[in-house]
Amino acid sequence: MANRFHIPSAYRIPLAVSVALHLILIIFLAVHLPKSSYRANSIESMVKIINAVAVHSNQVQADIETLKAKETARQQAEAHLREMALAAEKRREQEQNRLEALQAAAIKKREEEALKLKTIQDQAKAAEKTRVIEEARVAALQAEQLHLQEKVAQATIAKKKAEQQKAEQQKAAQAKRAILAAQKLAQEKKVNDAKAANEAKANALLQKQKELQQKLLADQMAAEEKQLQQATQAAEQGILDRYKAQIIQAIEQQWIVPEGADQSLSCVLLIRLGPNGVVLSVSLVQSSGDVILDRSAQAAVFKASPLPVPKDPNQFAAFRELRLTVRPLQVTNASS
Amino acid sequence: MKMYTQWLKIGVVAAAALGLAACHTGYKPLPAGQTAEMGAEQADGASAYGMKTGDGYQGQGQKDANGRLINALVAPSNQTYYFEFDSDVVAQEDMKAISIQANYLATHPSARIRLEGNTDNRGSREYNIGLGWRRDQAVARIFEQQGVNAKQIVMVSYGKERPAAMGNNEAAWQLNRRVSLVYEAK
Amino acid sequence: MRHRQVFFSLMLALLLGIMQPAAQAALDLELTQGINAAIPIAMTTFAGPQVLTTGQQTLDQIIKQDLQNCGQFRVLANDQGQAAASIDYGYWRKRGANDVITGQIQAVGRDQYQVTFSLVSVFNSAGAAGAAENTLLSQSFRVNANQLRGLAHHISDLIYQTLTGVRGVFSTKIAYVLVQRAPDMTSKYTLEVADADGYNPQPLLVSAEPIMSPTWSPDGRKVAYVSFEGHRAAIYMQDIATARRALISAAPGINGAPAFSPDGRELALVLTKNGNPNLYLLDINSGSISAVTSGNYIDTEPAFSPDGRTLLFTSNRDGTPQIFQYSLASGKISRVTYRGDYNARARFLPNQHNIVLMHRENGLFGIALQDLTNGNMQILAQSGADESPSLAPNGKMVIYATEYGNRGVLSQVSTDGRIKLRLPAGEGSVQEPAWSPFLNY
């Protein structure tokens, strides 16, 4: 009995070839070639194309139409967005005009302040004038007093002489008269002494009066001088503070505080100004640790340029360099 | 004989090669779930329930003055039971219709119904799935009390996903607060 | 003697010279208040051929749209096609821009483009070292024509991150359900995935039965959703790239509200195993299920916290729907919302101490933001029909569903409440948007 699986020799080779071909085909059909990647080498992340699964041929048509409709809708929305952008631009320009008007008002105010200072100075001059007049009056009083003194002194001397001569003439004639005369002399001496004393008192009183008057005047002058000094100082310090406040206000309006900025952080900027308040440079002296916060503060200073500074070169000198500490403690909503 | 077998081999290889080519044209076979779903839906809609006027209205044609579907008092027939706002209490007037269907189900153990719970369009979607489910439970409880085996009742809640009427007013809301009873096997 | 005099006078002069600068010190000022406004930046048309990408937009038009719509920037446009070397700083300073974006595009090879862009500051800010640093960013790319739109979004991301310090979401995606209703109330439901700006919609699933609650896996490669195919609720997980899907849960009754854990290994979902809609946890690999809540309530809409330790969920266990929090370690449940008579669908922000949710007050449904540390609630939107809020992965923007013109549309609002945007609508009604995570592929 021949082996069921005995293959005639003529068929062996073709059969082997046929089996091999079939095996290769089966392997090909079973194994899927890997798909090519959509990943590009040069960018980090990108959109992966999603393989859409269409179910119905009708559906594809419907989907194409819906996509088209979506397109037109989107384009309309875009146009709408463009219009809104234009409107926002307009509003921003209006805002800029308002800010300029505010600045002009500020300048006007400054001029009024200068005028006030001038009137104070005029008042000081007037006070000076009255003081000089007072001094002259005091000198005149003094001269008069001296003149009176002389006269009184001369009078008493003359009186004394006359009395003495009378007493000497009467002495020889009568002893009583001499005693009386002597008594009279004594009495009169007393009276004269009293008179002299009174005169001296009167002089002393006059002197005191004069001194008091002088002191009063001196005090008045001193007080007025002090007031003048204080007024000048206050005016100068007020100007300084006012400019500082105006500078802060100008930068405040430009400072867009980053969202979620840590309130405990702060940075320090060194600002150099040129005449007329032009911002020449803004250097970061101390970073807050948050680069976005630092940059927001720097941008704010630049955008607020030119900063309001005094026109007077002496007063401006104090504003050449500003050391600004920035802390994101409060945020208000922009008015636009 | 040799000639025939030669052509046979060539034919097989050619067929295999064609099949291989088909794999590389880019045509993607559909996932099984989707085609089955579409096929099943068409089968359901076309044959089982006769007059088809949209999902949820399967088999019921007549409506009352408020637009509500009227339940036929014969079995087996699809039904719709309506509910008050925020309530899962079955209306008293539906009890008769329910007992007719319950009676049929109790006497036909191979019959099976599907209860579809629905709500009006107010509120979150998943929470409304829960509300629709409560309405299904209320109706199912009555059926079970009347002798229907729980295995004959399938419950699904559509929440607000399948409104019968559109609109943000009571006229539409009262038409959506419903449980639909659909026979899956009669 | 004379030499000594000269020496001493020199020393004196030197001393005085050193002391002199101290006489004029820098004036100290403090700035503590600023404004909350959009950063003004300038965008110039890119030099080179006006290549139109999908959607009939040029590269710079897409970048401009991205930056304008996110609410953080006010984009000033100019038609000068300038290369970075010739930026007119004076002109841009006058127009009030802080930074300028310029670029150029060049055709190279077959259907390929070389794209270069620069982000430059308009001010010469000196750093501590004193060197001027104008150019904040400058990069070059080589891409195929069909990758141009994606590249534009990538450039927007780079610019956004450089200027705000926060990662941009312009290259992310949104998933949503599109419903097309015929007059006889039959409907077609499509689960679509599109770019974050709404372009390039791709269907993942088309069905005649409802689709609900799409949610992204943490790696952004899969979307899980509820489908009512065959008149039964079931949860599927579908791979975006291959469109292949796996059936995850088809228990009798409700299979709903799937939510991935942050490590992508578990899915929180709603089942009615005990007759009531309660929360369960499903291990995706093993398929094993464990119960989270129980009781005769409606518990639904679970959402994991970013650290994976707690779950937010909606429950009517206190009467009306409110938000509760479940601790996975202790099993303790605590109530989160007390304001309003309806609170649902809460989601955590990445910072984990804020949540965004659907909230009703005075009969109006809206979207609210609640601070968990102090319970304060802020209404972000309240049209009366707002629902399904979903957060961008950088926590800055919320996308939600609302009604407009008798159909469902998608809207966006920033979490600081500053900007509101409605996405352009196509045909049909759109609902249940889900924002993808950052896509690192």
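Everything numeric in this text was worked out from a predicted model, so none of it was measured. Note: hydrogens, waters and symmetry copies are ignored here, and every other heavy atom, side chains too, is used.
Between the B/Glu161 side chain and the B/Tyr158 main chain, no donor and acceptor come within less than 3.5 Å of each other.
Only the side chain of C/Arg181 comes within contact range of chain B, with heavy atoms under 4.5 Å apart. Interface residue C/Val226: only side-chain heavy atoms are found under 4.5 Å from chain B. Residue B/Asp136: no heavy atom, backbone or side chain, is found under 4.5 Å from chain C. For C/Pro252, no part lies near chain B; criterion is any non-hydrogen pair under 4.5 Å. Neither the backbone nor the side chain of C/Tyr236 comes within contact range of chain B; no heavy atoms are under 4.5 Å apart. Interface remark: B/Gln137 contributes side-chain atoms only to the contact with chain C (heavy atom separation under 4.5 Å). For C/Asn278, no part lies under 4.5 angstrom from a heavy atom of chain B. For C/Ala344, the part lying under 4.5 angstrom from a heavy atom of chain B is the side chain only. If you measure heavy-atom distances from C/Ile211 to chain B, the contacts under 4.5 Å come from the backbone alone.
For the side-chain hydrogen bond (donor to acceptor under 3.5 Å, both in side chains) with C/Gln322, the lone residue among C/Asp341, C/Asn343, C/Thr314 that qualifies is C/Asn343.
Heavy-atom pairs under 4.5 Å with chain C were tallied for B/Gly132, B/Ser124, B/Gly167; the largest tally goes to B/Ser124. Per-residue heavy-atom pair counts under 4.5 Å with chain B were compared for C/Ser227, C/Ala182, C/Gly275, and the maximum is reached by C/Gly275. Contact tally against chain B (heavy-atom pairs below 4.5 Å) for C/Val177, C/Leu247, C/Thr272: the top residue is C/Thr272. Most heavy-atom pairs under 4.5 Å with chain B, from the set C/Arg360, C/Met358, C/Arg345: that is C/Met358. Between chain B and the residues C/Ile298, C/Asp299, C/Asn406, C/Thr300, the most heavy-atom pairs under 4.5 angstrom are made by C/Ile298. Among the candidates C/Glu432, C/Glu403, C/Gln431, the residue making the largest number of heavy-atom pairs closer than 4.5 Å to chain B is C/Gln431.
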task: For side chain to side chain donor-acceptor pair (under 3.5 Å), just list the numbers for B/Gln101 and B/Asn71, CA-CA rounded to whole Å, side-chain angles, deciding distance to a tenth of an Å, and then say yes or no.
output: CA-CA 11 Å; B/Gln101 304 303 321; B/Asn71 294 322; over 6 Å; no

message: Determine whether B/Arg114 and B/Ser180 satisfy the following criterion, side-chain contact (heavy atoms from CB on, under 4.5 Å), listing intermediate values before the conclusion.
response: CA-CA 8 Å; B/Arg114 177 176 74 238; B/Ser180 299; over 6 Å; no

- prompt: So C/Arg339 and C/Gln370, side chain to side chain donor-acceptor pair (under 3.5 Å) or not? Walk me through it.
  reply: CA-CA 10 Å; C/Arg339 178 173 148 184; C/Gln370 175 157 327; over 6 Å; no

task: Decide side chain to side chain donor-acceptor pair (under 3.5 Å) for B/Gln174 and B/Tyr82; before the verdict, give the C-alpha distance in whole Å, the side-chain angles of both, and the deciding distance to 0.1 Å.
output: CA-CA 7 Å; B/Gln174 52 104 16; B/Tyr82 293 90; over 6 Å; no

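The 12-atom threshold is exceeded at CD of B/Glu170, counting heavy atoms of other residues, nucleotides or ligands nearer than 6.0 Å. Summarising the local packing, CG of B/Asn169 is surrounded by more than 12 heavy atoms from other residues, nucleotides or ligands at distances under 6.0 Å.
Because its NZ or CZ atom is not both nearer than 6.0 Å to the ring centre of B/Phe83 and within 45° of the ring axis, B/Arg134 does not count as a cation-pi partner of that residue.
Checked against the 6.0 Å centroid criterion, the rings of C/Tyr326 and C/Phe313 do not qualify as a close aromatic pair.
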